[in-house]
Every structure is written in C-alpha cells, then in structure tokens.
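What follows is a single structure, and I will ask about it in a moment.
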Amino acid sequence: MNDKGFFLTLEGPDGCGKSTQARLLGEYLDEAGCQVLLTREPGGTPLAEEIRRVILTPSRESLDPMTEILLYVAARAQHVKGLILPALASGKVVICERFIDSSLAYQGYGLGWDLELIENLNRMAVGDLSPDLTLLFDQDTEECRKRVQGRAQNKGADRIEARDPAFHQKVREGFLKLAFNNPRFKVISGAGRDIESIQRELRSVLKTRIPKLACLNGTDSNIP
C-alpha cells in the first residue's frame, strides 16, 4: 500500500461506465467507515482542471500530439503533488478515474507515440507513485461509442471522444495489452451487464485484493 493509504485507479475507454462505478465505490467505502478521496484525471485540483479544459475543449487549432502528452503530464504532476500524495499520507483511500495507464493507452497505443517516452515523462512528474490496484473496465468499442454519442447530445463530445472509431479501438486494445499478465490490474467486463452486478463484483474484488483495509472488515457485498 502507498504510505498509509490505498491508491485505486479506474481505467477504460470513454463510455465504459467507470465514472458511475467510481462514485458508487466511493459511497460504499465511505459508508464502511473509510476516508475516501474521489478524484479524476486530467483534473483534481483547480489548476489541473484548467489544463483539462484546454485539453478536452474542441477548438479551431488542432492539438499537437506532443503538446497533448505534455499537458497531461503537467496536470498529473499538479494533481499528484497537490492532492493525491497528501491524501495517501493521511491514510485515505484514493479513487482516481484515470492515471498513467490512460496516457499509455491513449497517447501511446492510440496516437502511436513511444511508450517508453510517455512512461519516462510521467515518472518525472509523479516519481515512484503507482496504483495499488487498477480496475480496467472493458467494453465493446461500438457500445462505448453509442454511450458517448448519447451523452454528446446534451453537452457535445470532447476533443478526445470525437476521434474516429479506429483510434478508440486501438485504445481499448492498448488497455488490454497493459493489463495482460500484470497483477496490478483486474479486468472487469461490462458486456451485457447492469450497474448493480458490476458494482457487486468490484466490492468483492476490493475485499479480496485489499484485505488489510480495516474499514472493509465485516462488511458485505450487497448494494444498499
């Protein structure tokens, strides 16, 4: 575990449902007596949220791939040092939507940039910080695309969501390559499943993978 706390990341393609599951996990752990920080990337701190706006807001000026990589790294450095590390040091369970694995999947596998370069840049930003557990939500690319399109009817697709299906398929495949034979990952299939059944699986995974987390002792996996 990281210092006194526990660092849990949720990863997956756009539209895979991780935001809903992150919120439900946060509520579950909070009710169990854990101190929880629910956060996201890019973002988390006011400055990092401003960088998020720059990255994701569509504009007439295209975003150079290296600029994109560096903006994500800058936001992550601010987020880690300003929010995540202090929370872990105080013993909190940090639930973060996206972390370095998203940079590897999106800018590495998706855009075709060198994985080692992306990894090295991120290590400069966050040091040796690594998630204790990563939940990877895997969902068919076309199904994710339909969910994103449904959301976009209200607020519009962001710069990354608007990229073509071939890009998003590369991202999905990249995530699965990162997870292959990596014990830090637990792949959660969303195919044909409802929110409640996925949440039950996540709670079971938490109790199995982090048994020393005192606030989970004696809890059950039923959704209230």
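Values in this document were obtained by computation on a predicted structure and should not be read as measured data.
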Legend entry - Pairwise side-chain contact, Thr134 with Phe7, heavy-atom cut-off 4.5 Å (strictly under): no
Inset, instruction - Would you mind reporting whether Val36 and Ile95 have side-chain heavy atoms less than 4.5 Å apart? - result: yes
Legend entry - Pairwise side-chain contact, Val93 with Leu88, heavy-atom cut-off 4.5 Å (strictly under): no
Inset, instruction - Taking all heavy atoms of Phe175 and all of Ser102, pick out the closest pair and write down the distance. - result: CZ-OG, 3.7 Å
Legend entry - Electrostatic pair Glu119:Arg123 at N-O distance under 4.0 angstrom: yes
Inset, instruction - Go through the structure and list residues passing side chain to side chain contact (heavy atoms under 4.5 Å, CB included) with Leu115, not counting sequence neighbours. - result: Leu104, Tyr109
Inset, instruction - Please examine the side chains of Leu8 and Val94, heavy atoms only from C-beta on, and report whether any two atoms are closer than 4.5 Å. - result: no
Legend entry - Donor-acceptor under 3.5 Å (Asn120 side chain, Glu116 main chain): yes
Inset, instruction - Begin from the C-alpha positions of Lys4 and Lys92 and carry the test side-chain contact (heavy atoms from CB on, under 4.5 Å) through to its verdict. - result: CA-CA 8 Å; Lys4 299 177 182 178; Lys92 291 182 179 179; over 6 Å; no
Inset, instruction - Enter the distance from Thr20:OG1 to Ile198:CD1 here, rounded to the nearest 0.5 Å. - result: 9.5 Å
Legend entry - Verdict with reasoning, Arg98 to Lys18, per side-chain contact (heavy atoms from CB on, under 4.5 Å): CA-CA 9 Å; Arg98 302 199 181 286; Lys18 67 187 176 304; 3.0 Å; yes
Inset, instruction - Say whether, by atom type as modelled, one donor and one acceptor occur between the side chain of Arg53 and the main chain of Glu49 under 3.5 angstrom. - result: no
Legend entry - Pairing of Lys177 and Glu173 as salt bridge, 4.0 angstrom limit: no
Inset, instruction - May I ask you to decide if Asp158's main-chain N or O and Glu161's side chain share a donor-acceptor pair within less than 3.5 Å? - result: yes
Inset, instruction - Return the minimal non-hydrogen interatomic distance between Gln139 and Arg172, and the atom names on each side. - result: O-NE, 3.3 Å
Legend entry - Name of the residue among Asp138, Leu202, Leu136, Leu10 meeting side-chain contact (heavy atoms from CB on, under 4.5 Å) with Ile188: Leu202
Legend entry - Heavy-atom pair with the smallest gap, counting every atom of Lys170 and Gly110: CD-O, 3.9 Å
Inset, instruction - List the steps and the verdict of salt bridge (charged side-chain N to carboxylate O under 4.0 Å, His left out) for Arg145 and Asp164. - result: CA-CA 10 Å; Arg145 184 166 170 266; Asp164 62 58; over 6 Å; no
Legend entry - Tyr106 versus Asp14, side-chain donor and acceptor atoms under 3.5 Å: yes
Inset, instruction - Find out whether Glu11 and Glu97 are in side-chain contact, i.e. whether some heavy atom of one side chain is under 4.5 Å from a heavy atom of the other. - result: no
Legend entry - Transitive ILVMFWY side-chain link Leu71 to Leu47, under 4.5 Å: no
Inset, instruction - Would you indicate whether the side-chain heavy atoms of Arg163 and Leu111 approach each other to under 4.5 Å? - result: yes
Inset, instruction - Starting from the C-alpha separation in whole Å, work towards a yes-or-no answer on side-chain contact (heavy atoms from CB on, under 4.5 Å) for Cys96 and Glu41. - result: CA-CA 7 Å; Cys96 187; Glu41 291 207 340; 3.8 Å; yes
Inset, instruction - Give the C-alpha distance, both sets of side-chain angles, the deciding distance and a yes or no for side-chain contact (heavy atoms from CB on, under 4.5 Å) between Ile118 and Val73. - result: CA-CA 9 Å; Ile118 295 171; Val73 171; over 6 Å; no
Inset, instruction - Rounded to the nearest 0.5 Å, what's the gap from OH on Tyr28 to SG on Cys34? Could you check? - result: 8.5 Å
Legend entry - CZ-CD distance between Arg147 and Glu142, expressed to the nearest 0.5 angstrom: 12.5 Å
Legend entry - Reported CZ-to-CD distance for the pair Arg23 and Gln199, which is rounded to 0.5 angstrom: 9.0 Å
Inset, instruction - Identify the heavy atoms of Gly44 and Leu83 that sit nearest to each other, and give their distance. - result: O-CD2, 3.5 Å
Legend entry - Polar side-chain atom of Ser197 near backbone of Asp194 as donor-acceptor pair, under 3.5 Å: yes
Inset, instruction - Using a 4.5 Å cut-off on heavy atoms from C-beta on, say whether the side chain of Cys144 contacts that of His168. - result: no
Legend entry - Side-chain H-bond candidate by donor/acceptor type, Ser103 with Arg76, under 3.5 Å: yes
Legend entry - Heavy-atom closest contact (Ser90 atom, Gln35 atom, distance): O-OE1, 3.8 Å
Legend entry - Pairwise distance CD(Gln107) to CG(Leu70) - rounded to 0.5 angstrom: 10.5 Å
Inset, instruction - Flag the pair Arg159 / Ile55 as yes when at least one side-chain heavy-atom distance between them is below 4.5 Å, and no otherwise. - result: no
Inset, instruction - Spell out, as yes or no, whether a donor-acceptor pair under 3.5 Å connects the side chain of Thr208 to the backbone of Ser204. - result: yes
Legend entry - From CG (Leu38) to CG (Leu24), nearest 0.5 Å: 10.0 Å
Legend entry - Thr141/Gln169 under side-chain hydrogen bond (donor to acceptor under 3.5 Å, both in side chains): CA gap, chis, key distance, verdict: CA-CA 6 Å; Thr141 301; Gln169 180 61 27; 2.5 Å; yes
Inset, instruction - Could you pull out all residues at least two apart from Leu117 that satisfy side chain to side chain contact (heavy atoms under 4.5 Å, CB included)? - result: Met66, Trp113, Asp114, Leu121
Inset, instruction - Please report the shortest heavy-atom distance between Arg203 and Leu25, naming the atom on each side. - result: CG-CD2, 4.3 Å
